[in-house]
2 protein chains.
Amino acid sequence: MKTHTESEENYIKALYHLGGDNPVSNGDLAHRIGAKGSSVTQAVKRLSQKNLVTVVPYKGVQLTEDGVQLAKSILRKHRLWETFLVDTLGFGWDQVHPLAEQLEHVQSEELVERLSNFLGAPKHDPHGDPIPQPNGQMPPVLGEPLGAFAKGHTIKVVRVEDAGSEFFDQLDAMNINLGNTYDVEAISSFDASVQLKAPSGHTIWLSHSMCVNIYAVSA
Amino acid sequence: MKTHTESEENYIKALYHLGGDNPVSNGDLAHRIGAKGSSVTQAVKRLSQKNLVTVVPYKGVQLTEDGVQLAKSILRKHRLWETFLVDTLGFGWDQVHPLAEQLEHVQSEELVERLSNFLGAPKHDPHGDPIPQPNGQMPPVLGEPLGAFAKGHTIKVVRVEDAGSEFFDQLDAMNINLGNTYDVEAISSFDASVQLKAPSGHTIWLSHSMCVNIYAVSA
DNA sequence: CTTTTAGTTTAGGTAAAACTAAAAATTATT
DNA sequence: AATAATTTTTAGTTTTACCTAAACTAAAAG
Ligand SMILES: [Mn+2]
Ligand SMILES: [Mn+2]
Ligand SMILES: [Mn+2]
Ligand SMILES: [Mn+2]
């Protein structure tokens, strides 16, 4: 098990996010990393020398098996740390991403597994995203967008997209959290907004922009 | 509050360890860091441009007030993480140092303070070393070497030096932990070894080499 | 008072990781 | 098919952080 630089790990993570094990364009990768295309060309050259990616010039970059495995192990660390920060230290779910970006680079198998064990071997992080398992298996990606449920259904919120801090602020203001259940009272045929009723009796209206970032299952 | 590279932080920590706010020689610093003298000369130049150290060529390097403050904040993080790893995740006290070396570089005031709060705002780490407080104050350095206690005294182990993994193995084999109490039964005038009696009735003999790395108070 | 030695700095070089500017290849449009 | 637009690569710089080899300083030994 070789040791990797933080930069390398960030490239691997970005590649996995953008394409999984499919090829990704230089430009998309540059945009995601926040570097110029020329920097990416060089970085990718270094990665291919370590057999983490294959490169076809002018065509695209693709993770190797080793690359995918590394990407999953970094994602596992990221999401376990996010879980720790929220569940154990009491951070808000809007605060933990930048911290997990740092903590995911700490290198120690044993630390990750002890952390997972301490947290009760969770399968999903505070945003409902699946936590890759030690063997590389991915738990299911939960839920469907709120708009997919018809009037009259009872639903449970199970996942949210990371759509920026204003989105999280809005969720907090509306008191919406993972695990909450609601009755779908109406879906607007005018603007696709959704009207929910909480068990407390309160009614909330969600704009389409909010809905597409909130995922739920029937409850 | 500027942001510092990992290398910079390691130099600051080394300087604080070697001399506190007193001057340190280039060679000692090089030995501690594990780099060559020439590399240290350059690194120290970068640090002085950030006003973290003052340098007198051929004479020595000295932390500024800012430098001392930074050193303490890093040490605080290091020792809080060590406490977390031992108390919360169940690591052995011989395992946590290299992990804390990585975790101490994570940048977030709030994370450190939440961690401290979660751990009960500890004043000493798993080795008994003082944890610098947020205001910069240092809790007392506890204990005296075992050899300092006369026969007949009852003592409590409060601190151990980091004298390598074999030392920790030996402590574990002898079941010696922080907080344990013993009666001093004898001190050899031949080889300065110490004979202790545990509350369980078991007797253990500690060589001089062991004793000088174990600190205790009267109990 | 010279010489040796230990310690330090300078000079010059490598590698990672970013940049800008210019050239080359690919893709899209007339 | 020819040209224009876009994307990607190449070439040359910069900064950080390390290295070796050579020169320099200061103190100790002869
Ligand atoms: Mn995240
Ligand atoms: Mn997440
Ligand atoms: Mn330590
Ligand atoms: Mn310690």
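Per chain, numbering begins at 1; letters A, B, ... match sequence-line order.
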For this session: Provide, to the nearest angstrom, the distance between the CD atom belonging to E6(A) and the C1' atom belonging to dA17(D).
Result: 16 Å

For this session: Determine whether the side chains of S7(B) and N10(B) contain a donor N or O and an acceptor N or O closer than 3.5 Å.
Result: no

Seminar exercise, completed: When Q42(A) and K59(A) are each assigned the nearest nucleotide of DNA chain D, the 5'-most assignment goes to K59(A)

Pairs of donor and acceptor atoms involving the side chains of residues 34-41 of chain A, under 3.5 Å and at least two apart or interchain, shall be tabulated with distances.
{"from": "T41(A)", "atom 1": "OG1", "to": "N26(A)", "atom 2": "ND2", "distance (Å)": "3.1"}
{"from": "T41(A)", "atom 1": "OG1", "to": "G37(A)", "atom 2": "O", "distance (Å)": "3.1"}

Exercise. Hey, which of I214(A), V157(A), N177(A) is the one that makes side chain to side chain contact (heavy atoms under 4.5 Å, CB included) with L171(A)?
Worked result: I214(A)

For this session: Starting from C1' on dT16(D), measure out to CD on E9(B) and report it in whole angstrom.
Result: 15 Å

Problem set entry | Sugar-phosphate only, base, or nothing, as touched by T41(A) at under 4.0 Å among non-hydrogen atoms | base

Problem set entry | Side-chain H-bond candidate by donor/acceptor type, S193(B) with D191(B), under 3.5 Å | yes

Exercise. Yes or no on side chain to side chain contact (heavy atoms under 4.5 Å, CB included) for N213(A) and L146(A), after CA distance, side-chain angles and deciding distance?
Worked result: CA-CA 8 Å; N213(A) 291 308; L146(A) 269 192; over 6 Å; no

Which side-chain N or O atoms in residues 160-169 of chain A pair as donor and acceptor under 3.5 Å with protein atoms at least two apart or in another chain?
{"from": "E161(A)", "atom 1": "OE2", "to": "Y215(A)", "atom 2": "OH", "distance (Å)": "3.0"}
{"from": "D162(A)", "atom 1": "OD1", "to": "G164(A)", "atom 2": "N", "distance (Å)": "3.4"}

Problem set entry | Value in whole Å for how far the P atom of dC24(D) lies from OH of Y58(B) | 9 Å

Listing, residues 80-90 of chain B side-chain donor-acceptor contacts under 3.5 Å, not counting sequence neighbours, or none:
{"from": "W81(B)", "atom 1": "NE1", "to": "L103(B)", "atom 2": "O", "distance (Å)": "3.4"}
{"from": "E82(B)", "atom 1": "OE1", "to": "H127(B)", "atom 2": "ND1", "distance (Å)": "3.1"}
{"from": "E82(B)", "atom 1": "OE2", "to": "H78(B)", "atom 2": "NE2", "distance (Å)": "2.8"}
{"from": "E82(B)", "atom 1": "OE2", "to": "H97(B)", "atom 2": "ND1", "distance (Å)": "3.3"}
{"from": "T83(B)", "atom 1": "OG1", "to": "R79(B)", "atom 2": "O", "distance (Å)": "2.7"}

For this session: Apply side chain to side chain contact (heavy atoms under 4.5 Å, CB included) to the pair L178(B) and W93(B), showing each step before the final yes or no.
Result: CA-CA 10 Å; L178(B) 290 204; W93(B) 61 0; 3.9 Å; yes

Seminar exercise, completed: Residues in residues 46-56 of chain B with a heavy atom under 4.0 Å of DNA chain C, by number, are none

Problem set entry | Worked verdict on M210(A) versus V194(A) for side chain to side chain contact (heavy atoms under 4.5 Å, CB included) | CA-CA 9 Å; M210(A) 291 292 290; V194(A) 173; over 6 Å; no

Seminar exercise, completed: What residues 25-39 of chain B contributes to the DNA chain C interface at heavy-atom separation below 4.0 Å is S25(B), N26(B), G27(B), G37(B), S38(B)

For this session: Please determine if K13(B) and E104(B) form a salt bridge, counting it only when a charged side-chain N lies under 4.0 Å from a carboxylate O.
Result: yes

For this session: Mind calculating the distance between CD (E8(B)) and C1' (dA17(D)) to the nearest angstrom?
Result: 11 Å

Exercise. Are any of the side-chain nitrogens in E113(B) or R76(B) under 4.0 Å away from the carboxylate oxygens of its partner?
Worked result: yes

Exercise. Is DNA chain C part of any stem, that is, at least 3 consecutive Watson-Crick or G-U pairs with both distances under 3.5 Å, and where?
Worked result: C:1-30 with D:1-30

Exercise. Nearest to the side chain of T5(B) - dA17(D), dT25(D), dA18(C)?
Worked result: dA17(D)

Exercise. dC18(D) phosphate, OP1 or OP2: any side-chain N/O from Y11(B) under 4.0 angstrom?
Worked result: yes

